[in-house]
Amino acid sequence: MVGGGVSGLAAAHRAVELARERGRPLELTLLEAGDRLGGTIQTERRDGFLVECGPDSFLSEKPWALALCRRLGLEDRLIRTNDRFRRTFVVFRGNLHPLPEGFQLLAPTQLRSFVSSGLFSWRGKLRMACDLLLPRGSDPDESLGAFVRRRLGREALERVAQPLVAGIYTADPDELSLQAAMPRFVEMERRERSVILALWRAARKAPALQAGASGARWSLFVTFSDGMEELTRVLATRLPPGAARLKERVTGATREGGQWRVATASGAVFDADALILAPEAYQAARILRYVDPGLALLLEGIPQASSATVTLAYRRDEILHPLDGFGFVVPQVERRAIIACTFSSVKYPGRAPDGYALLRVFMGGALNESLLAADDASLVATAGAELHSLLGVAAEPRFTRVARYPRAMPQYHVGHLARVEAIERAVARHPGLRLAGGAYHGVGIADCVRSGEEAALVLLGASEEERGGG
Ligand SMILES: Cc1cc2nc3c(=O)[nH]c(=O)nc-3n(C[C@H](O)[C@H](O)[C@H](O)COP(=O)(O)OP(=O)(O)OC[C@H]3O[C@@H](n4cnc5c(N)ncnc54)[C@H](O)[C@@H]3O)c2cc1C
């Protein structure tokens with residue numbers, strides 16, 4: 001196993017579970033380049049605040065992470081978002097405007113809040129309504145930008161779809177493959193022609209879910225009382241003692257006598273019957289370059305965007321804005337230096353002591369990567385200046401924390417699905433090899449858990465039934 005992020009840990013844990021269920025011996029080694037497990041998941045405590053450097057939650061709609069939490073006995077540790085403030089703002093001409101209630105990423109589902117929203121011009125609203133009449137498109141792998149422009153118009157793209165998608169994928173919408181990243185919208189158009197009609201119908205069928213799952217056991221996003229690292233910490237404790245080896249950067253893998261031989265930068269060599277590679281795709285490419293240069297080339301072709309989070313702690317009364325939402329996103333057309341901000345202490349309980357607020361600014365991404373060349377102090381100064389201008393923050397932060405994620409976010413460009421198919425065909429030619437991680441079939445934590453578990457199940461020869469249950 002290579003890579004100690006959530007994908008590698010989920011893979012290792014599933015392998016342990018399966019070996020135990022079948023009473024079969026398992027010798028497992030997890031090699032991690034860094035000095036800690038968890039990868040991009042990193043939670044820190046400071047002066048009574050809880051800082052999420054990387055992911056702050058996972059999607060409960062996709063079942064795999066939630067199912068894993070149940071098996072780990074972690075369900076009681078999960079917490080919901082504070083739904084009293086469940087709304088997102090969008091920066092428009094320098095001010096924060098609430099996203100109209102019921103707006104589903106690309107299109108509105110609630111007429112009244114959409115019509116009365118100050119976020120769109122009348123022209124823009126009429127153009128969005130054209131979606132009700134427009135015919136289906138014909139491009140099977142269209143960019144998100146082209147799709148939204150064609151169906152809903154430029155304003156829908158520039159003011160909402162682009163910034164919301166940047167907040168999730170840190171992507172350029174004109175590069176992002178809709179089919180790979182959000183296939184449900186492709187399916188909506190195929191089935192119902194109009195995206196707005198399809199969303200309305202879905203909202204009528206599942207009103208609680210669309211309205212924020214009030215009454216449902218879980219909110220759309222969930223996290224742990226002690227932060228996201230609870231998941232990776234507990235996963236690590238379930239591995240056999242000594243299985244995880246830190247500071248072991250894998251430099252290459254070869255096939256020797258029917259086995260995998262893995263070499264690390266420290267000079268160590270490990271032999272194994274089966275190998276799961278769960279680092280970033282470009283790292284997997286490097287590791288496999290001698291075994292299969294063609295496969296390495298395909299893997300290298302998955303671009304990875306860089307980003308950074310800047311967390312800033314303030315006294316609540318130092319911020320003029322009521323912070324009555326989960327945060328805001330910033331459209332590229334606003335030409336600002338940040339792409340989003342989460343009001344962390346509003347979104348989840350227990351993130352700041354009483355009387356304080358914790359804000360987390362998101363910077364970089366495919367459209368703004370050059371900003372990350374600045375040093376940490378400059379990033380803090382930039383984030384602080386933006387918060388001053390957008391939220392009326394009138395003080396120096398109590399503390400700040402900058403976390404950088406170079407080449408950590410895979411970009412699903414147009415052609416991604418065909419590339420992944422080719423990668424999987426190539427991987428299948430190598431016995432005992434599997435890839436896991438967010439670069440292939442979904443970038444979120446739930447997808448990563450699924451990919452890791454699936455890799456372990458396939459390599460341990462699990463039956464279809466076990467795979468379905470995994
Ligand atoms: C800033 C940020 C915020 C995010 N927010 C969310 C969110 O709120 N919700 C959500 O669902 N997802 C979020 N994501 C995405 C989520 O973090 C990832 O999907 C997930 O954590 C990736 O896990 P992973 O194990 O595949 O990769 P990683 O976490 O990147 O782990 C890969 C590991 O492999 C190791 N490694 C690399 N090369 C080698 C090598 N050669 N040898 C040995 N080890 C190696 C690395 O050191 C690392 O520990 C966010 C991502 C970022 C960057």
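Atoms within a ligand are numbered from 1 in the order they appear, just like the ligands themselves. Predicted, not measured: the structure shown is a model, and the values here were computed from it.
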Output yes when the distance from some N or O of ligand 1 to some N or O of [X] is under 3.5 Å, and no in every other case.
X	answer
Val2	no
Gly8	no
Ser307	no
Arg360	no

### Query
Any side-chain heavy-atom pair from Thr342 and Phe326 closer than 4.5 angstrom?
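The answer is no, as the side chains (C-beta and beyond) never meet within the 4.5 Å cut-off.
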### Query
Do Leu288 and Leu433 come within less than 4.5 Å of each other through their side chains, counting heavy atoms only?
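SC-SC contact between Leu288 and Leu433 confirmed.
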If you count heavy atoms of other groups shown closer than 6.0 angstrom to [atom1] of [X], is the number above 12?
X	atom1	answer
Glu75	CD	yes
Gln332	CD	yes
Glu256	CD	yes

### Message
Is the contact between Leu9 and ligand 1 made by the side chain, the backbone, both, or neither, using heavy atoms and a 4.0 Å cut-off?
### Response
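For Leu9, no heavy atom sits under 4.0 Å from ligand 1.
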### Query
What part of Leu31, side chain from CB on, backbone N/CA/C/O, both or neither, has a heavy atom under 4.0 Å from ligand 1?
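Near ligand 1, Leu31 shows its backbone, while the atoms from C-beta on stay back.
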### Message
Please confirm whether the ring centroid of His321 lies under 6.0 Å from the ring centroid of Phe328.
### Response
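Here the rings of Phe328 and His321 have centres that are no less than 6.0 Å from each other.
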### Task
Kindly state whether the ring of Phe399 and the ring of Phe49 have centres lying under 6.0 angstrom apart.
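Ring centres of Phe49 and Phe399 closer than 6.0 Å.
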Tell me, which protein residue and heavy-atom name are nearest [atom], and how many Å apart are they?
atom	value
atom 1 (C) of ligand 1	Phe362 CE1, 3.5 Å
atom 11 (O) of ligand 1	Ile445 N, 2.8 Å
atom 44 (N) of ligand 1	Ala33 N, 3.0 Å
atom 24 (P) of ligand 1	Ser7 OG, 3.3 Å
atom 42 (N) of ligand 1	Val250 N, 2.9 Å
atom 14 (N) of ligand 1	Pro55 CG, 4.0 Å
atom 48 (C) of ligand 1	Glu32 OE1, 3.5 Å
atom 51 (C) of ligand 1	Met409 CE, 3.6 Å

### Message
One thing to verify: whether Glu52 and Lys347 come together as a salt bridge, which I'm taking to mean a side-chain N less than 4.0 angstrom from a carboxylate O.
### Response
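No, this pair does not count.
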#### Entry: Glu17 bridged to Arg14 by N-O distance under 4.0 Å
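Counted as a salt bridge, because a side-chain N and a carboxylate O are separated by less than 4.0 Å.
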Which atoms of ligand 1 are found less than 4.0 Å from any heavy atom of [X]?
X	result
Asp56	8 (O)
Ser57	7 (C), 8 (O), 9 (N), 10 (C), 11 (O)
Val443	15 (C), 18 (C), 19 (O)
Gly437	26 (O)

### Among Ala278, Cys448, Ala408, Ala305, closest by any non-hydrogen atom to atom 22 (C) of ligand 1
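Closest candidate by heavy-atom distance is Cys448.
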### Message
My understanding is that we take every heavy atom of each candidate and find the minimum distance to atom 30 (O) of ligand 1. Doing that for Gln304, Glu280, Glu52, Arg36, which one comes out nearest?
### Response
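Of the listed residues, Glu280 has the closest heavy atom.
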### Query
Side chains of Thr264 and Glu248: donor-acceptor distance under 3.5 Å anywhere?
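Thr264 vs Glu248: donor-acceptor pair found between side chains.
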### Query
Does Phe221 come within less than 4.0 Å of ligand 1, judged by its heavy atoms?
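It does not, in that no heavy atom of Phe221 comes within the 4.0 Å cut-off of ligand 1.
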### Query
Taking the inter-plane angle between the rings of Phe92 and His97 on a 0 to 90° scale, is it parallel (under 30°), tilted (30 to 60°) or perpendicular (over 60°)?
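The arrangement is perpendicular - the two ring planes meet at more than 60°.
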### Task
Kindly state if atom 27 (O) of ligand 1 has a protein heavy atom within a strict 4.0 Å cut-off, that is, under 4.0 Å?
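No, no protein heavy atom sits under 4.0 Å from atom 27 (O) of ligand 1.
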### Message
Has His441 got a side-chain atom pairing as donor or acceptor with Ala180's backbone, closer than 3.5 angstrom?
### Response
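No, because the side chain of His441 does not come within donor-acceptor range (under 3.5 Å) of the backbone of Ala180.
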